[in-house]
Amino acid sequence: MPSCALTIKVNNKLSLKKPTANHPLPIIVLYASDDGQILGNLGDAEYLARAEQLIKQSGFGASLGESVSDYALHAKELPAISVIGVGKANKIANNIAKIATATYAAIKSVPNAAILWGDVICQIHFTQFVTALIGAGYRFEHHKSKPKDADKLRQVNIVCTKDGEKDYQAALQFAQATASGIACAKDVANEAPNLLTPSELAKKAKQLAKDYEDTMRIHILGEKEMQKLGMGCFLAVSQGSDQEGKLAVIEYYGKSGKNAKKPKLHHPIALVGKGLTFDTGGISLKHAAGMEEMKFDMGGAASILGTMRAVAEAGLKIDIVAVLACAENMPSARAARPGDVVTAMNGTSVEILNTDAEGRLVLCDTLCYVQEHYDAKVIIDTATLTGACVIALGSVRSGLYSNDEDTLFALESASEYTNDLVWHMPLDDSYDEQINSKVADIQNIGGREAGSVTAACFLQRFIKEGQAWAHLDIAGTAWKSGSTNAATGRPVALLAQYIRQQTQG
Ligand code: BES
Ligand code: MN
Ligand code: ZN
């Protein structure tokens, strides 16, 4: 995984070194709101005056994401300045990522930059800012025979007030760890589905465990093992593909340490990710238009992998087990049919009425596996589970389902902290009735109504009494559709922050 080539430092004053060929003068970034105010207690009259002049001369309106620079005029003898518009001053909190993206665009073509934030943003928004600034430099280009020139930016100094420095310093390392987790999730999710097969996805997990071998162990199950365990639902999905299904189980010993004779996780947080490396729908075949987007159907697994990287890089002192459910959903002579009845690891019989509702089938056995083998404090699964969730919440918020008040509250608070937003969705018994089957215990679809909810109800049927659990339907948030067509790395920031909060409580 490429590590971040960008060095970010926090300072309480702007110190300019004599320029050299390799270290020319930086671009100095200031921020302005759309009422014409330069923001922040900058303690530097010179740049303030220049920024004010630049705004006046250029007719710059400081709308959100707009920028103006005198780089062309000054580059050689003076540090250039760029002013970035933040739009409405009282809306900054909602727009940190957009401001970071505009900042990156303004400085990417020079080696170093200084960002004069002063005291404008708090520690929470600073964390979001750094995460998004690094994220803005992300590229997925390794399939291009002629990749574009790399951005020149190497070093960023973020200048704050003396009072704010401690908070910013404290946030910096975690923000960087989060950013590398996000980049990891994007790299894996963006990969082509012929190259990222279930086995390759499991290999990515293996590589991660190797990168952090002091704290991680990994165990990969193939279809034979799954057969022995009675994972009939998982296998019903995987059987139609020539690619073998895999379960990648990563153990992170952040608290217990893995060097005991018989290492054992202590009340771990369990993370489970849907890892469909491609979802054709199976015999209930999807339409052709846009089907290529179903390479992102492993976005859940990618987000769990990215979260593990972030957590390990940040060195969080907590135990975690992460399980990636890796499979491919293909139509073939061996594929499951609508009407098939299969049995999950916990003995629940399932009537498959639509082979395109495969995510819940791989996940239900994975949830059984986790509960059978670990004494998890809480289980959180992420899955690009339903098109219905995209209709309900679009690409703004992930759907959040949970049977546990504390987990709901904690995830909602981490969601606010990171602006990686979620929305609490219902799990009433009256929805759950929709998945009762005539011939088996349950069926894998609940009809047209409330499709994201009935999918969550299906998963909940496999959660034991008293086991805290949450499910994130990330079908709308894991990737950007349309012309962008790229993974977002969500909800890595949310999960990493949630786990960090759990280490503090
Ligand atoms: N991976 C899809 C869900 C999906 C659809 C994610 C569109 C992102 C965009 C999932 O496996 C699926 O096909 N779900 C079906 C369920 C239905 C058959 C009950 C769906 O949402 O149409
Ligand atoms: Mn499907
Ligand atoms: Zn799917």
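Taking each heavy atom of Lys295 and Glu191 in turn, the nearest pair found is CD-O, 3.7 Å. Of all heavy-atom pairs between Ala270 and Val370, the closest is CB-CG1, 3.6 Å. Smallest separation of non-hydrogen atoms from Ile445 and Ala357: CG2-CB, 3.6 Å. Here the closest heavy-atom approach between residue Gly245 and residue Pro198 is recorded as CA-CB, 4.4 Å. Closest approach of Tyr138 to Ala183, counting heavy atoms only: CE1-O, 3.8 Å. For the pair Val342 and Ala236, the tightest heavy-atom approach, listed with the atom from each and the gap, is CG1-CB, 3.9 Å.
A donor and an acceptor atom, one from each side chain of Ser413 and Gln501, are located under 3.5 Å apart. Using modelled atom types and a 3.5 Å distance limit, the side chains of Thr477 and Ser398 yield a donor-acceptor pair. Counted by atom type alone, Asp441 and Ser349 present one or more donor-acceptor pairs between their side chains at under 3.5 Å. Side-chain polar atoms of His266 and Asp319 form no donor-acceptor pair below 3.5 angstrom. A donor-acceptor contact closer than 3.5 angstrom is absent between the side chains of Glu433 and Tyr431. Side-chain contact check for Asn419 and Gln128: no donor-acceptor pair (N or O, by modelled atom type) lies under 3.5 Å. If you check the side chains of Glu293 and Trp479, you find a donor sitting under 3.5 Å from an acceptor.
A 4.5 Å side-chain heavy-atom check between Leu400 and Trp423 finds every atom pair outside the cut-off. Side-chain contact between Thr384 and Lys274: present, with at least one pair of heavy atoms (C-beta onward) separated by less than 4.5 Å. Side chains of His424 and Leu408 form a contact here, defined as non-hydrogen atoms less than 4.5 Å apart. Inter-residue side-chain proximity for Ile269 and Tyr498 is flagged as met; some heavy-atom pair is nearer than 4.5 Å. Residues Phe234 and Leu361 form no side-chain contact, since every pair of their non-hydrogen atoms from C-beta on lies 4.5 Å or further apart. Inter-residue side-chain proximity for Val10 and Cys160 is flagged as met; some heavy-atom pair is nearer than 4.5 Å. Two residues are said to be in side-chain contact when any heavy atoms from C-beta on lie closer than 4.5 Å; Glu251 and Tyr374 meet this criterion. In this structure, Glu416 and Ile124 have side chains that are not in contact, with every pair of non-hydrogen atoms separated by 4.5 Å or more.
Open room surrounds CD on Glu405; 12 or fewer heavy atoms of other groups in view lie less than 6.0 Å from it. Counting heavy-atom neighbours within 6.0 Å of Glu372 CD, excluding the residue itself, gives a total of 12 or less. For Glu213, the CD atom counts as loosely surrounded, since its 6.0 Å shell holds 12 or fewer non-hydrogen atoms of other residues, nucleotides or ligands. At most 12 heavy atoms of other shown residues, nucleotides or ligands fall within 6.0 angstrom of atom NZ in Lys98. Other residues, nucleotides and ligands contribute at most 12 non-hydrogen atoms within 6.0 Å of the CG atom of Asp429.
Among the candidates Leu427, Val272, Leu363, the single residue satisfying the side chain to side chain contact (heavy atoms under 4.5 Å, CB included) test with Leu459 is Leu363. Under the side chain to side chain contact (heavy atoms under 4.5 Å, CB included) test applied with Arg360, the options Ile435, Ile442, Thr386 reduce to a single match, Thr386.
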* Show your working on side chain to side chain donor-acceptor pair (under 3.5 Å) between Ser402 and Asp404 and close with a plain yes or no. => CA-CA 5 Å; Ser402 180; Asp404 180 66; 5.4 Å; no
* Asked: Hey, mind stepping through Thr197 and Thr277 against side chain to side chain donor-acceptor pair (under 3.5 Å) and telling me if it holds?
  -> CA-CA 6 Å; Thr197 59; Thr277 61; over 6 Å; no
* Residues Glu313, Ser180; criterion side chain to side chain donor-acceptor pair (under 3.5 Å); working and verdict -> CA-CA 8 Å; Glu313 192 171 315; Ser180 35; 2.7 Å; yes
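Going from atom CD of Gln460 over to atom CD of Gln467 covers 11.5 Å, rounded to the nearest 0.5 Å. The CD1 atom of Ile250 sits 13.0 Å away from the CZ atom of Arg217 when rounded to the nearest 0.5 Å. Once rounded to the nearest 0.5 Å, the distance linking NZ of Lys255 with CD1 of Ile320 reads 12.0 Å. Here the CG atom belonging to Leu495 is positioned 7.0 Å from the CG atom belonging to Leu411, to the nearest 0.5 angstrom. The structure places CG of Asp211 at 13.5 Å from NZ of Lys206, a figure rounded to the nearest 0.5 Å. The distance from atom OH of Tyr252 to atom NZ of Lys317, rounded to the nearest 0.5 Å, is 7.0 Å.
A distance-only check finds a donor-acceptor pair linking the side chain of Ser303 to the backbone of Gly300 [under 3.5 Å]. No side-chain donor-acceptor contact under 3.5 Å links Asn403 to the backbone of Ala470. A donor-acceptor pair under 3.5 Å is formed between the side chain of Thr488 and the backbone N or O of Ala478. Lys258 places a side-chain N or O within donor-acceptor distance of the main-chain N or O of Met216, the cut-off being under 3.5 Å. A donor-acceptor pair is defined here as one N or O able to donate and one able to accept, closer than 3.5 Å; such a pair exists between the side chain of Ser415 and the backbone of Val422. Counting only distance, with no hydrogens or angles, the side chain of Gln176 and the backbone of Thr131 share no donor-acceptor pair below 3.5 Å. Here the side chain of His125 pairs no donor or acceptor atom with the backbone of Ile121 at under 3.5 angstrom. Distance alone, capped at 3.5 Å, is enough to place a donor-acceptor pair between the Glu244 side chain and the Glu223 backbone.
In summary, Asp420 and Arg490 engage in a salt bridge, as defined by a charged side-chain N under 4.0 Å from a carboxylate O. Checked for salt-bridge contact, Asp151 and Arg139 meet the test: a charged N lies under 4.0 Å from a carboxylate O. With respect to Asp432 and Arg461, a salt bridge is recorded, a charged nitrogen being found less than 4.0 Å from a carboxylate O. Under a 4.0 Å N-O distance rule, the pair Glu200/Lys203 qualifies as a salt bridge.
Between Phe129 and Trp117, the angle of the ring planes goes over 60°, which puts this pair in the perpendicular group of the 30/60° scheme.
Both tests do not hold together for Lys186 against Phe140: distance to the six-membered ring centre under 6.0 Å, angle to the ring axis within 45°. Relative to the ring axis of Phe174, Arg500 places its NZ or CZ within 45° and under 6.0 Å from the centre.
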